[in-house]
Number of protein chains: 2
Amino acid sequence: MASNTEENYLKALFQITIESGNKQEAGTNEIAAHLGVKPATANDMLKKLKLKKLIQYEKYGKSSLTKAGKKIAIEVVRKHRLWETFLFQKLAFSWDEVHEVAEQLEHIQSKKLIDKLDAYLEYPAFDPHGDTIPNAKGELNITIKKTLLEEEVGHQCKMIGVKDNSASFLQYVNKMGLSINQTIRIVARQAFDDLLEIEVNKKISSVSPKFAENIIVECAICNKATKA
Amino acid sequence: MASNTEENYLKALFQITIESGNKQEAGTNEIAAHLGVKPATANDMLKKLKLKKLIQYEKYGKSSLTKAGKKIAIEVVRKHRLWETFLFQKLAFSWDEVHEVAEQLEHIQSKKLIDKLDAYLEYPAFDPHGDTIPNAKGELNITIKKTLLEEEVGHQCKMIGVKDNSASFLQYVNKMGLSINQTIRIVARQAFDDLLEIEVNKKISSVSPKFAENIIVECAICNKATKA
DNA sequence: AAAATTAGTTAGGTTAGCCTAACTTTTATA
DNA sequence: TATAAAAGTTAGGCTAACCTAACTAATTTT
Ligand SMILES: [Mn+2]
Ligand SMILES: [Mn+2]
Ligand SMILES: [Mn+2]
Ligand SMILES: [Mn+2]
């Protein structure tokens with residue numbers, strides 16, 4: 001069983017590699033910076049994780065997850081995102097409050113708990129930030145985060161998250177009648193000032209490009225999801 | 001901020017003293033045994049907790065909680081019991097599965113989380129074992145655990161927990177139409193064989209004394225709750 | 001009251017996870 | 001290609017939470 005700290009390293013490596021850039025590896029300093037520890041500390045841990053066969057690592061080289069390490073990393077990500085969804089949907093936490101608490105909850109060890117939580121939330125596909133939630137088998141749909149700004153005119157999409165987590169933006173979002181899972185239809189894009197006309201709940205309104213690029217959407221029509 | 005381990009020691013001291021016996025103190029060996037560590041280990045921690053002014057302790061003497069220590073202990077107990085209630089009521093865990101997971105969840109640090117969870121559960125007074133849940137102010141109603149066996153004939157009471165957590169007993173309980181918060185009326189007590197006639201959901205049935213002493217009830221009529 | 005038992009303490013040691021300071025290897029730049 | 005900068009490693013040290021073994025104090029038992 002991996003310790004909380006080991007889980008954090010595996011998650012960091014996963015996020016730096018698979019999620020962010022597309023190279024399947026990360027340097028010691030990069031990992032250390034991501035976790036807020038010194039390179040010397042990360043170095044110790046990388047050697048330990050290698051011994052446990054959770055990562056591949058050679059002196060002076062980059063690190064990458066083994067199959068076993070990736071499995072653990074994805075489980076942690078799954079727990080993190082399910083807890084965020086729980087906090088947001090059931091306990092009325094705001095977007096910007098969920099992450100910190102989920103950092104703690106993601107280390108609770110109980111397969112049963114997380115699978116029951118998943119069922120209780122009705123198997124959500126996305127967390128409140130619009131990130132994909134891996135399923136119980138560890139399958140993760142890596143959807144390219146698409147924003148409302150990029151959505152095509154005429155298409156109907158679903159809001160699945162936000163990029164900006166500031167209270168002011170979230171209030172603005174609420175005022176526009178938008179929330180997670182809300183259906184949005186793109187009515188038109190004004191060439192003159194780039195304003196986007198959208199239809200929400202049968203009401204048409206206009207939003208700025210700046211606003212639109214902070215709304216994450218999913219579109220059944222132009223979906224190009226891939227399995228990881 | 002107290003570490004998980006410190007919290008466990010404070011909770012242990014609380015449970016040994018206030019809850020169990022009625023002396024407000026416990027010995028080093030007793031605490032060590034309760035936590036499954038060696039006396040030498042507990043001794044180290046007691047000295048540390050004394051330094052932090054969370055307990056009173058003198059060499060070769062018994063230990064007791066200070067006001068600050070008791071506050072933390074009660075917060076941990078509150079979290080433990082609220083999480084147990086959540087697992088039981090919302091995630092359909094059985095009585096005997098909740099404790100282990102709650103041992104982990106009780107250390108999550110977020111005042112907001114626990115207060116929101118409390119609200120979400122509609123401020124429950126008892127956990128699935130029939131133990132009182134301290135409120136947000138740290139007030140704890142120490143109700144003497146009363147069983148169905150001791151309930152008076154004619155009284156109407158509410159089932160708040162069970163003593164026996166075995167799967168077989170729980171199934172039996174279910175079969176009798178009983179569950180948490182279920183109202184039970186005591187119809188009669190047969191002098192001949194001590195069988196208890198109870199009314200549940202307008203249906204009358206008989207239960208053995210052995211059965212009755214494993215059902216924890218609360219009775220509005222004969223309630224003698226006290227504040228701690 | 002002495003002896004035996006139990007309770008509690010101290011000293012010294014381990015491991016995980018962190019650090020700083022000094023060093024080495026790799027990579028970038030002149 | 002030499003040199004400087006960046007990246008990575010090693011050595012040695014710290015604290016929290018555990019341990020064992022040896023000790024001392026308090027409490028029973030005889
Ligand atoms: Mn997060
Ligand atoms: Mn997220
Ligand atoms: Mn419990
Ligand atoms: Mn309980």
Side-chain angles (χ1 to χ4, degrees), chain A residues 1-13 16-17 20-21 23-65 69 72-73 76 103-104 106-109, chain B residues 1-13 16-17 20-21 23-65 69 72-73 76 103-104 106-109:
Chain A
M1 182 123 299
S3 69
N4 285 15
T5 308
E6 287 168 348
E7 286 189 347
N8 283 335
Y9 276 86
L10 294 172
K11 190 180 75 157
L13 189 45
I16 295 172
T17 60
S20 312
K23 315 176 283 261
Q24 299 279 105
E25 51 182 29
T28 305
N29 286 6
E30 211 175 349
I31 295 168
H34 196 270
L35 290 164
V37 298
K38 294 290 139 106
T41 303
N43 186 261
D44 283 349
M45 183 58 85
L46 293 177
K47 284 190 275 187
K48 200 198 342 176
L49 292 174
K50 185 200 169 152
L51 258 176
K52 288 195 167 191
K53 302 198 166 138
L54 298 173
I55 67 168
Q56 278 139 267
Y57 160 77
E58 294 303 331
K59 215 200 252 195
Y60 295 108
K62 308 278 179 185
S63 301
S64 60
L65 291 166
I72 295 175
V76 175
E103 282 296 315
Q104 296 181 60
E106 74 189 2
H107 301 294
I108 301 292
Q109 301 292 351
Chain B
M1 185 123 294
S3 70
N4 284 16
T5 307
E6 287 167 347
E7 285 190 347
N8 283 336
Y9 276 84
L10 295 173
K11 190 180 75 156
L13 190 45
I16 295 171
T17 61
S20 310
K23 314 177 284 260
Q24 300 279 108
E25 51 181 31
T28 304
N29 286 6
E30 210 175 350
I31 296 168
H34 196 270
L35 289 164
V37 298
K38 292 290 138 100
T41 304
N43 186 263
D44 282 349
M45 182 57 86
L46 293 178
K47 285 190 273 186
K48 202 204 329 183
L49 292 174
K50 187 204 167 150
L51 258 176
K52 288 195 168 193
K53 301 200 166 134
L54 297 174
I55 67 167
Q56 277 138 266
Y57 160 77
E58 294 303 331
K59 213 199 251 191
Y60 293 109
K62 308 276 177 185
S63 300
S64 60
L65 291 166
I72 294 174
V76 176
E103 281 297 314
Q104 297 181 60
E106 73 188 3
H107 301 293
I108 301 292
Q109 302 292 351

For this session: Give the nucleotide from the list dG8(D), dC19(C), dA7(C) with an atom nearest to the side chain of D44(A).
Result: dC19(C)

Exercise. With no hydrogens and no angle check, is any side-chain donor or acceptor of K62(A) less than 3.5 Å from a backbone partner on E25(A)?
Worked result: no

For this session: Could you tell me whether the phosphate oxygens of dC18(C), OP1 or OP2, come under 4.0 Å of any side-chain nitrogen or oxygen in Y9(A)?
Result: yes

Exercise. Base, sugar-phosphate alone, or nothing: which one does A40(B) contact when heavy atoms must sit under 4.0 Å apart?
Worked result: base

For this session: Could you check whether T5(B) gets within reach of a base, just the sugar-phosphate, or nothing at all, counting any heavy atom under 4.0 Å?
Result: sugar-phosphate

For this session: Decide if atom NZ of K52(B) counts as having more than 12 heavy atoms of other residues, nucleotides or ligands within a radius under 6.0 Å.
Result: yes

Exercise. Does K59(B) put a side-chain nitrogen or oxygen below 4.0 Å from OP1 or OP2 of dG8(C)?
Worked result: no

For this session: Whole angstrom is fine here: how far is it from OH in Y57(B) over to C1' in dT10(C)?
Result: 11 Å

Exercise. When you measure from the side chain of N29(B), which nucleotide among dC18(C), dA7(C), dG8(D) comes out closest?
Worked result: dA7(C)

For this session: Select one nucleotide: of dT9(C), dC19(C), dC19(D), the one nearest the side-chain heavy atoms of T41(A).
Result: dC19(C)

Problem set entry | Rounded interatomic separation in angstrom, taking CD from E58(A) and P from dT26(C) | 13 Å

Problem set entry | Interatomic distance where CG belongs to L46(A) and C1' belongs to dT9(D) [whole Å] | 11 Å

Exercise. Is any side-chain N of the basic residue among K48(A) and E6(A) closer than 4.0 Å to the acidic one's carboxylate O?
Worked result: yes

Problem set entry | Distance below 4.0 Å between S3(A) side-chain N/O and dA16(C) OP1 or OP2 | no

Problem set entry | Proximity to the side chain of Y60(A) - top-ranked nucleotide from dT24(C), dA25(D), dC19(C) | dT24(C)

Exercise. Can any side-chain N or O of Q24(A) pair as donor or acceptor with the backbone N or O of S64(A) at less than 3.5 Å?
Worked result: no

Problem set entry | Atom-to-atom span, CG of N43(A) to P of dG8(D) - whole angstrom | 10 Å

Problem set entry | K47(A) side-chain proximity, nearest of dG8(D), dG17(C), dT10(D) | dT10(D)

